Amino acid sequence: MAEQKKQTDLMEKLVSLAKRRGFIYQGSEIYGGLPGTYDYGHYGVLLKDNIRNAWLKHMVQLRDDVYGLDSAIFMHPQTWVASGHVGSFDDPQIDCRTCKNRMRADHVLESFNVSADKASIEFINTELDKLRSTKKLKCTNCGGVDLTPARRFSLMVKSNLGSPVDTLTEENVVYLRPETCGGIYLEYKNTVDSLHPKLPFGIAQVGKAFRNEIAARQFIFRTREFEQMEMQYFLDPKDMDKSYEMWKEIRFNWYLAHGINKESLRWYKHEKLAHYASQAFDIEYDYKCFGGFKEVEGIHARGNWDLSQHSKFSGADLSYFNEETKERFIPHIMETSAGLGRMLLMFLDHAYTEDELGGEKRVYLKFPKELAPVKVAVFPLLKNKPQLVEKAREIYKNLRNDFSAEFDDNGNIGKRYRRQDEIGTPFCVTVDFDTVEKNAGVTVRDRDSGKQERVKIEELPIYLKNKLQ
Ligand code: GAP
C-alpha cells in the first residue's frame with residue numbers, strides 16, 4: 001500500500017513538474033482535454049529532439065549500413081490489409097455498464113496474475129467469468145460489477161483522406177499508420193534501386209503512429225498519437241540469428257551509454273508472438289512512477305512476412321538478387337522499435353531526483369548532459385544593474401551559437417537556480433560585480449553538486465565543451 005502510494009506520488013510529481021516547467025501538457029486542455037493526446041512544450045520539444053537525434057546519430061550517422069527515411073503517414077489502404085493489421089490488430093475490450101469506463105480485458109486479467117497476452121477472446125471470457133463468479137471482477141474506475149463480456153476492438157484509426165464523400169466506407173477508408181515500419185517496407189524497393197545497398201542493410205525512420213488504444217491513461221506511456229523510432233534490417237535468412245544477437249546488444253548498450261543503470265533494465269522474452277513475428281524480446285525499464293518494469297523497445301525477428309505480403313498484394317517484385325551467390329530470395333527482417341514518448345518518460349523518471357542542498361530541499365532533473373534540453377543558463381546577479389545585465393546578455397549571445405543556452409533574470413538568483421534545476425540544466429553562469437569591475441570571470445555552478453567555480457569569460461566555451469563531452 002505504502003509502495004503504491006509512493007508510485008502515485010511520483011507520477012503526480014512528474015506530471016506536475018512536466019506541466020509547470022513547460023515540458024508536457026494534456027492535449028486540448030482548454031476544451032477539457034482529448035484523452036490519449038499530449039502536447040510537448042518548449043523544454044519537451046528540446047528534450048525530445050535530443051533523444052531523437054541521439055538515436056538517429058547512433059542508428060544512421062555512425063553506421064555505413066543503415067539509411068534514413070521519412071515516409072508518409074497515410075499509405076495505400078491495401079498496405080494494412082497486406083500486413084494483417086486490418087484483420088487482426090486489435091485488443092480485447094470490456095466496458096462498465098455503470099460508468100461507461102473502457103478497460104483492456106488482458107490488463108484486468110494480468111492484475112489477477114492471469115497471463116492473457118495475445119490470448120483468444122474465448123480464453124479471456126472464460127477467465128473473466130471465473131472472476132465474476134467469485135465477485136472479484138470490478139470496474140477499475142467506479143468499482144461496479146456490471147461489466148460487459150470482452151470483445152475485440154480494432155486499434156486502427158481511420159480517415160477519409162482524398163475521398164469525394166464524407167461518409168467512411170470500406171472503399172474510401174484510408175488508415176493512419178499504426179506503426180512507422182509500414183512505410184519502410186513500401187520504400188524497400190526504391191531504396192535498393194536508388195542506393196544499391198548490399199544485404200544486410202537497414203532503413204530507419206522516426207515518425208508519428210496512431211492507435212485507438214482502449215485505455216490510454218498512463219500519461220505519455222500509452223497514447224493514441226505517438227512517435228516511434230524504428231529500424232528494419234533486411235538480411236539473408238541464414239544471417240538472422242547473428243544479426244538478432246548483434247542488434248540486441250547494440251540496443252541494450254545504447255541505454256547504458258545514455259546513463260540508464262543496468263539494474264533498471266531487463267529483457268522480456270515474448271512466448272506468444274504477434275502475427276508477423278518469429279522471435280520477440282522487449283527491453284524493459286523499471287519505471288519508478290509505475291513501480292515496476294515496463295516495455296520501452298521491442299526487438300523483433302519478422303521473417304519474410306512483410307515483404308512477401310506486400311509483394312503478393314501489390315504485384316511488385318520485392319526479391320533481392322545476390323550477385324555473388326546468384327541466389328534470389330525475399331529478404332528477412334530484423335526490427336528494432338522504440339517509442340519516443342515512452343523513452344522520454346523513462347529519461348524523466350530516471351532523472352527525477354530530490355535532495356538537500358545548502359540545508360534546503362530541492363528537486364532536480366539529473367539528465368545525462370547530452371540529452372539535457374538546455375545546457376547552460378546565463379544570469380546577471382541583479383536584474384536592476386545595467387552593467388551586469390549587459391555583460392550577461394553579451395555572454396549569452398556568444399554561447400547560444402554553440403550551445404542550447406538561456407538568459408534568465410527573473411526573480412532572485414536562488415529562484416533561478418531552482419528553475420534551472422527543475423529543467424535539468426547542467427551549468428548556470430552568473431555575472432557578478434567581480435566579473436565587470438575586476439575582470440574576474442564568471443561563476444559556473446554545477447547542477448548535481450551545486451558547487452561553483454570561477455572561469456575566465458574567454459575560456460567559457462571550451463570549459464563548457466569539455467564538461468559537456
Ligand atoms: N513495428 C513494431 C511495433 O510497432 P510495438 O511493440 O507495437 O511494435 C513498438 O511497438 C514500441 O512503440 C513499443 O515498445 C513502445 O515503446 C511504442 N508504443 C507502442 N504503442 C504505443 C502507444 N500507444 N503509446 C506510446 N508508445 C507506444
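In each ligand, atom 1 is the first atom listed, and ligand 1 is the first ligand listed. Keep in mind it's a predicted model, so treat the numbers as computed, not measured.
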Per-atom filter on ligand 1: closer than 4.0 angstrom to a heavy atom of Glu230 are 1 (N), 2 (C), 3 (C), 4 (O)
Has Arg224 got any heavy atom lying under 4.0 angstrom from an atom of ligand 1? no
Atom 9 (C) of ligand 1 has as its nearest protein heavy atom Ser337 OG, 2.9 Å
for atom 12 (O) of ligand 1, nearest protein heavy atom and its distance come out as Gln228 NE2, 3.2 Å
Assess the pair Tyr38 and Phe226: is the distance between their ring centroids shorter than 6.0 Å? no
among protein heavy atoms, the one nearest atom 14 (O) of ligand 1 is Glu295 OE2, 2.5 Å
Q | Non-hydrogen side-chain atoms of Trp80 and Phe89 separated by less than 4.5 Å | A | no
Exercise. If you draw a 6.0 Å radius around NZ in Lys198, do more than 12 non-hydrogen atoms from other residues or ligands fall strictly inside?
Worked result: no
The atoms of ligand 1 lying under 4.0 Å from a heavy atom of Val296, numbered in the order shown, are 14 (O), 15 (C), 16 (O)
Atom 20 (N) of ligand 1 sits nearest the protein heavy atom Arg211 NH1, 3.4 Å
Is there a donor in the side chain of Asp349 and an acceptor in the side chain of Tyr285, or the other way round, less than 3.5 Å apart? yes
For atom 24 (N) of ligand 1, the closest protein heavy atom turns out to be Thr223 N, 3.0 Å
Here the atoms of ligand 1 under 4.0 Å from any heavy atom belonging to Arg302 are 1 (N), 2 (C)
Closest to atom 21 (C) of ligand 1 (heavy atoms only, candidates Phe210, Tyr285, Phe226) is Phe226
Heteroatom proximity flag, His300 to ligand 1, N/O under 3.5 Å
no
**Item:** Donor-acceptor pair between His350 and Asn261 side chains, under 3.5 angstrom
**Value:** yes
Non-hydrogen side-chain atoms of Ser337 and Cys181 separated by less than 4.5 Å: no
| query | Going by heavy atoms, is Cys181 under 4.0 Å from ligand 1? | reply | yes
In ligand 1, the atoms that come under 4.0 Å of a heavy atom of Glu179 are 1 (N), 2 (C), 3 (C), 4 (O)
Pair Glu179 + Arg302: basic N to acidic O under 4.0 Å: yes
Closest to atom 2 (C) of ligand 1 by heavy-atom distance, out of Glu335, Arg342, Lys294, Glu297, is Glu335
Check your understanding: Heavy-atom contact under 4.0 Å between Arg177 and ligand 1?
Key -> no
Using 30° and 60° as the class boundaries, would you call the ring planes of Tyr188 and Phe234 parallel, tilted or perpendicular?
tilted
Quick look: Met229 vs ligand 1, heavy-atom contacts under 4.0 Å, and the answer is neither
Atom 25 (C) of ligand 1 sits nearest the protein heavy atom Phe221 O, 3.2 Å
Problem set entry | Lys189 side chain to Leu186 backbone, donor-acceptor under 3.5 Å | no
Checking Tyr67, Tyr244, Trp247 against Tyr233 for ring pair (Phe, Tyr, Trp, His ring centres under 6.0 Å), the one that qualifies is Trp247
**Item:** Heteroatom proximity flag, Gly339 to ligand 1, N/O under 3.5 Å
**Value:** yes
Do Tyr255 and Glu297 have side-chain N/O donor and acceptor atoms under 3.5 Å apart? yes
